[in-house]
Amino acid sequence: MNKFLILVSCIFIGSAAFSQIMTDEFADSTLKDKNIEKPEVHLNYDYRGTARIPVGLRITERISSEKKVYEGQEITFKVRSDVYYNGQLVFEKGMLVPAKVETIIKSGMNGIPASIIVGDFEFENTPKGRISDSFEVRGQDRSLWVYPLKWALTILPPTGTLTNFIKGGHAKLKENKTIQIYYYPEWI
């Protein structure tokens, strides 16, 4: 009897899910009058260009995951030193480079560190496709010692679970730290 009830409920749930897949009224009404363009595909590019040039950047104002930082926040970097390609100056020292905070991951229990992902770097007169996508700053990863400590303390019933409350380190990007992204001169 139990197998029969499970079979009937699976068929009922499956048919309800299938009917939702076939007609999505919300998507149809939202996209009804929208002109959606396909993304540009670079069919003429052979993707064999491997030249990449490191670009050192320093942030102009400190950010930290423990203070007010939000996704989409605009931040500014300065080029640390002149960047040359084939003897030509590509990026000048001190050039301002705006970027955005793309993702923030707060520090978690068991020593999991916080993380800030910065991307959308905008260099003057340079296509975005020639710059590496993003850069990630992570906090101190305390899970490397929290998990072994947790398992060592499990023989004493409540003490192992107390290590759950140890949080990971905050992600910080200071003015004196140089980050490195890459410029791909052969990419389109």
Side-chain angles (χ1 to χ4, degrees), residues 24 27 30-31 33-108 110-147 167-188:
D24 190 352
T30 305
L31 301 174
D33 297 324
K34 302 283 182 186
N35 183 16
I36 300 173
E37 297 178 19
K38 291 184 178 180
E40 182 180 342
V41 180
H42 302 291
L43 297 176
N44 297 329
Y45 186 65
D46 63 4
Y47 294 98
R48 287 183 284 186
T50 58
R52 75 176 189 175
I53 299 159
V55 180
L57 301 174
R58 285 193 178 162
I59 195 163
T60 57
E61 188 176 323
R62 176 184 306 207
I63 61 170
S64 173
S65 64
E66 64 185 328
K67 296 187 179 165
K68 290 189 178 183
V69 63
Y70 55 91
E71 293 177 357
Q73 177 179 352
E74 292 195 14
I75 53 179
T76 307
F77 290 90
K78 280 187 179 180
V79 176
R80 185 171 171 254
S81 60
D82 290 339
V83 178
Y84 292 92
Y85 177 66
N86 288 341
Q88 293 182 344
L89 181 66
V90 181
F91 305 121
E92 190 175 305
K93 179 180 180 178
M95 176 181 173
L96 295 177
V97 180
K100 290 184 181 174
V101 175
E102 291 183 341
T103 307
I104 301 168
I105 302 170
K106 297 289 185 180
S107 59
N110 290 320
I112 305 298
S115 176
I116 299 175
I117 299 174
V118 178
D120 197 21
F121 295 96
E122 295 180 18
F123 287 83
E124 276 185 41
N125 303 322
T126 305
K128 285 188 180 186
R130 292 187 179 181
I131 304 295
S132 57
D133 292 340
S134 61
F135 179 81
E136 182 177 6
V137 180
R138 299 186 75 189
Q140 183 184 32
D141 188 359
R142 297 181 182 137
S143 66
L144 300 174
W145 60 267
V146 169
Y147 283 118
K167 294 188 90 178
H170 294 290
K172 299 174 185 173
L173 190 55
K174 299 179 183 177
E175 295 92 346
N176 61 354
K177 181 174 177 173
T178 301
I179 69 165
Q180 187 169 312
I181 62 171
Y182 292 97
Y183 168 65
Y184 300 91
E186 298 172 2
W187 287 11
I188 293 176

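FYI, the numbering just counts along the sequence from 1.
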Of all residues at least two apart in sequence or in a different chain, which pass the salt bridge (Lys or Arg N to Asp or Glu O under 4.0 Å) check with Glu92?
none
Are the side chains of Tyr184 and Ile53 in touch, meaning some heavy atoms are under 4.5 Å apart?
no
Name the one of Leu173, Asn176, Thr178 that satisfies side chain to side chain contact (heavy atoms under 4.5 Å, CB included) with Arg58?
Thr178
Got Ser132 and Ile181 here, is their nearest side-chain heavy-atom distance under 4.5 Å?
yes
Could you check whether any side-chain heavy atom of Val97 comes within less than 4.5 Å of a side-chain heavy atom of Thr76, counting everything from C-beta outward?
no
Answer whether the closest heavy-atom distance between the side chains of Phe77 and Leu96 falls below 4.5 Å.
no
Assert yes or no for the condition that the ring centre distance of Phe121 to Phe135 is strictly below 6.0 Å.
no
Quick check: are there more than 12 heavy atoms from other residues, nucleotides or ligands sitting under 6.0 Å from NZ of Lys106?
yes
What distance do Ile112 atom CD1 and Ile105 atom CD1 have between them, rounded to the nearest 0.5 Å?
10.5 Å
Rounded distance [0.5 Å steps], CE in Met95 versus CG in Asp82:
11.0 Å
Contact between Ser107 and His170 at the side-chain level, heavy atoms closer than 4.5 Å - yes or no?
yes
Donor-acceptor under 3.5 Å (Ser134 side chain, Val118 main chain)
no
Kindly indicate, with the supporting measurements, whether the criterion side-chain hydrogen bond (donor to acceptor under 3.5 Å, both in side chains) is fulfilled by Glu136 and Ser115.
CA-CA 7 Å; Glu136 182 177 6; Ser115 176; 2.5 Å; yes
Does the side chain of Glu102 reach to within under 4.5 Å of the side chain of Asp120, using non-hydrogen atoms?
yes
Kindly indicate whether the side chain of Leu89, heavy atoms from C-beta on, has any atom under 4.5 Å from the side chain of Val83.
no
Euclidean distance, Asn110 CG relative to Arg142 CZ, rounded to 0.5 Å:
12.5 Å
From NZ (Lys177) to CD1 (Ile59), nearest 0.5 Å:
11.0 Å
If I take atom CD1 from residue Ile131 and atom CD from residue Glu122, how far apart are they, to the nearest 0.5 angstrom?
11.0 Å
Can you check whether Tyr70's main-chain N or O pairs, donor with acceptor, with Gln73's side chain at less than 3.5 Å?
yes
If only atom types and distance count, is the side chain of Glu175 paired as donor or acceptor with the main-chain N or O of Arg62 below 3.5 Å?
yes
Would you please name every residue forming a ring-ring contact (aromatic ring centres under 6.0 Å, His included) with Phe91, sequence neighbours left out?
Phe123, Tyr183
Ser64 and Val69: which non-hydrogen atoms are nearest, and at how many Å?
O-CG1, 3.3 Å
Take Arg52 and Glu186 through the side chain to side chain contact (heavy atoms under 4.5 Å, CB included) test and state the conclusion after the steps.
CA-CA 8 Å; Arg52 75 176 189 175; Glu186 298 172 2; over 6 Å; no
Pro185 and Ala51 have their tightest heavy-atom pair at CD-O, 3.5 Å
Sequence-distant partners of Glu74, salt bridge (Lys or Arg N to Asp or Glu O under 4.0 Å), two or more places apart
none
With heavy-atom distances below 4.5 Å as the criterion, would you say the side chains of Gln140 and Pro113 are in contact?
no
To the nearest 0.5 Å, what is the distance between CZ on Arg80 and CG on Leu57?
10.5 Å
Are the side chain of Thr126 and the backbone N or O of Glu124 linked by a donor-acceptor pair below 3.5 Å?
yes
Might you work through the side chain to side chain contact (heavy atoms under 4.5 Å, CB included) test for Ile116 and Thr103, ending with a clear yes or no?
CA-CA 6 Å; Ile116 299 175; Thr103 307; over 6 Å; no
Note: Pro54 and Gln180 closest approach over all heavy atoms is CB-NE2, 3.3 Å
